[in-house]
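Comments concern the structure below.
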Protein chains: 2
Amino acid sequence: MDKFEVKLDQAARAAWMSYVGGITQDEIASQLGVSRPGVQRLLALARQEGLIKVHIDHPIAACMTLASAIRERFGLDYCDVVPAEASAPEGAAYYLAVAGAERVARLVERSDPLTLSLGTGRSVRATVESLSRVERPQHRFVSLVGNVARDGSSNRYDGVMVLADKTGGQRFLLPSPVVASSVEEKASLQQQPLFLAITQVALEAEAAFIGVGRIDRQATLFQDHFISEDELDELLGRHAVGELLGWPMTADGEVIECSITRRVTSLPLEMFRAQPIVALAGGVAKGPAILAALRGGWLKGLVTDQLAARHIIEHA
Amino acid sequence: MDKFEVKLDQAARAAWMSYVGGITQDEIASQLGVSRPGVQRLLALARQEGLIKVHIDHPIAACMTLASAIRERFGLDYCDVVPAEASAPEGAAYYLAVAGAERVARLVERSDPLTLSLGTGRSVRATVESLSRVERPQHRFVSLVGNVARDGSSNRYDGVMVLADKTGGQRFLLPSPVVASSVEEKASLQQQPLFLAITQVALEAEAAFIGVGRIDRQATLFQDHFISEDELDELLGRHAVGELLGWPMTADGEVIECSITRRVTSLPLEMFRAQPIVALAGGVAKGPAILAALRGGWLKGLVTDQLAARHIIEHA
DNA sequence: TTTGCGTACGATCATTTGATCGATCAATGA
DNA sequence: TCATTGATCGATCAAATGATCGTACGCAAA
């Protein structure tokens, strides 16, 4: 038995006494016949050699492991993963909304004036609906996506009105459909003073909370008739797997150039490179779209659920 | 989801960040949006609720678990369990000797005068042979068992001479066989001034390190002809499972009263109730004998191996 | 035997964690 | 509505742990 093994043996003893036996380094020192700093060194060696395995016996632990892996893999500021187990009675969408609301609340609840952008989508809407009321008339909230449906009605997933109502803050809404009916219509809309003023506010935002959309027959863009079936096929033919703010992208996160994207009225994603964009999206079906956004480097934060997170890590 | 589950959720998060993520309570506090003492409370809750499972990934850990269980079950001052795996090239007896020597060294290496008693046996002998030399002429070492074999030769397992040679300390040997050939011979031996003087020294010992003997055909008492085959059968008939210092005992640790024990020349075990007796013994075959000694409350310490320790815990 | 280098170790200081105390808040009962 | 009780929480202090520095020791080479 060589010297290193003897030392490792002793380190394992000390580690057992400390972590399993729960005694102080002083007591371990007197029991092993070494000094207290000597014990601390043994414990450091045990940690360094990976002798100490810790397991948190709670569903959350698996989520946090995934979250940590995603955060590190894609260089995010943060990643929150919520449980998606059958034991969760209200469903993952509820937890996603609560977790998203927590993140939004951290910004909204402060007193300094804040400018915050929102995308649209079920998750974004659920998030702001989960938020508690707080009086913050000094804040400004701006929508990054047009809030008009193709038939002229308001966007059913808009969150800016809800958020502004809950806080008393100012609201800025893009009065346009997310995809114009023609390139000319888009050009006309983007020259209106209101559009330019809202663009300016959006550029001043401290953060943006957005949804992630799929490109398939269940896509909001398709379901809400912003794009036709032919256009859907076209996007699929160009390997589109998801969209952010109406901008379709490939699995690598590259925005697709085509006739459809030339008609998207949302502010170009490139304008927000310097802003933290946080995606709120979950479900295994959203996995490919979220992964695309991550690969493209568009996101600084992610709030998702375990199912999507697993997909992301398995395919990263 | 009730308040306790929310709290437990948060505790699990904090625990993950601390124990798996390895970050400080301050950092966790800022990430969870609570105060540092709040984090400390969450971690305490996680510990209290048993969410944190620690495993030491080293063979020693299993030994320490057994040792801790034996120590608590029998109220020992200490219990050292050494590995008994096939991966240990030198065998468990070597580790047992090294561990025993460590315990003896703690006493022997100090400068204050020490009086120490020794029993006999392979383990005791191996232990003192594992001990490093140290100059301690002020110490006294006394044998608790006669060091004469039935044929008049010295006891091959005596440790007092070895120990005294290694330290330069004084040696006190009982010049008698462990079992006299008659009650009269025992009486005669015990009245000799030398015997009385050695008894007095033994009573002043701070601790005693002894072996544990079996009562079967491999028993030292039988192999070395201290007892005959009939006497072995008699002891087995009286449910003897082991012996300490030649005193045979039942599985409950009660010293057996019979013609054989009336001839044992060792000092009566009852004389050492106030002294810490440490047993040095290992191997699965020694399990029952060690367990008997523990049940009888004769031991204050134990140095053993994993095989014996398992037996003890499984049958305790 | 001496010298030089690397490692181990205790003293000491800095940082982190654990625990207590008092104030505040929320819930309950009169 | 008010008073009481229990729980929560931050401020603060005590205890424990982590890390640095200087010294001593062990080992190898000259």
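Letters A, B, ... are given to chains in the order of the sequence lines, protein chains preceding strands, and every chain is numbered from 1. Please read these numbers as outputs of a predicted model, since none were measured by experiment.
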Value rounded to 0.5 Å, distance of [atom1] in [X] from [atom2] in [Y]:
X	Y	atom1	atom2	value
A/Gln10	A/Leu45	CD	CG	10.0 Å
B/Leu302	B/Phe74	CG	CZ	9.5 Å
A/Arg171	A/Arg140	CZ	CZ	14.5 Å
B/Asp80	B/Met64	CG	CE	8.5 Å

Considering residues at least two apart in sequence or located in another chain, which fulfil the side chain to side chain donor-acceptor pair (under 3.5 Å) criterion with A/Ser130? none
Please give me every residue in residues 22-50 of chain A whose heavy atoms get under 4.0 Å of an atom in DNA chain D, ordered by residue number. A/Thr24, A/Gln25, A/Arg36, A/Gln40, A/Arg41, A/Arg47
Just the endpoints, please: which first and last nucleotides of DNA chain D, 5' to 3', lie under 4.0 Å from a heavy atom of chain B? D/dC9 to D/dT12
Less than 6.0 angstrom from the centroid, inside 45 degrees of the normal: does A/Arg103 satisfy that with respect to the ring of A/Tyr78? yes
Salt bridge or not between B/Lys7 and B/Glu49? Use side-chain N to carboxylate O under 4.0 Å. no
